Participant: 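Below is one structure. I have some questions about it.
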Amino acid sequence: MFGIGGGELIFIMFIVLMLFGSDKVPEIARTMGKAMAQLKHATNDIKNEIQKGAEANGLDQKTLTDLTGGINSEIDKAKQNILGDSTHSISSFANNFTSEITNASNAVEGKPSSTESPTTEESNEVEGPIKRQM
């Protein structure tokens, strides 16, 4: 229930008992119970009113199910299109990133990369320590 364990619940009850005292705790619990029952009753009333309004306008449960099923299928298609495109672009990005990492590691080791062969000027720039330019 709400991610609260038994020990935590007992600790909370202990704090409530210390704050309000033993004579007020039953009264608070009774009030909270009544409030929860009223909330549940109100939500059930709202749900019934919505269902009655839908039926009065000619929308029965089967029609609503068909309508939401159609909407859900369109949402799933859109998700598939978006995820299919993003998967392709992500794999393309990953391949480019991997090749750039390989080229950079080859340049640091002094090996020519597979896509380009550095000239002697470029290799001289990479070999020495890089100085900051200010």
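Treat the numbers as computed from the prediction; the structure is a model and nothing was measured.
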Participant: With sequence neighbours excluded, what pairs up with Lys77 under the salt bridge (Lys or Arg N to Asp or Glu O under 4.0 Å) test?
Facilitator: Glu74

Participant: Please find the pair of heavy atoms, one from Glu8 and one from Ile4, that lie closest to each other, and give the distance.
Facilitator: OE1-CA, 3.4 Å

Participant: Which pair of non-hydrogen atoms, one from Val25 and one from Gly21, has the smallest distance, and what is that distance?
Facilitator: CG2-O, 3.1 Å

Participant: Applying the 4.5 Å side-chain criterion to the ILVMFWY set and letting contacts propagate, would Met32 and Ile15 be lumped into a single cluster?
Facilitator: yes

Participant: Should Met18 and Ile28 be counted in the same cluster of Ile, Leu, Val, Met, Phe, Trp and Tyr side chains packed under 4.5 Å apart?
Facilitator: yes

Participant: With clusters defined by side-chain heavy atoms of hydrophobic residues (ILVMFWY) lying less than 4.5 Å apart, directly or transitively, does Ile12 cluster with Ile10?
Facilitator: no

Participant: Could you grab the distance from atom NZ of Lys40 to atom CG of Asp45, nearest 0.5 Å is fine?
Facilitator: 12.5 Å

Participant: Applying side chain to side chain contact (heavy atoms under 4.5 Å, CB included) between Ile46 and each of Ile50, Thr43, Asn48, Asn44, report the one that passes.
Facilitator: Ile50

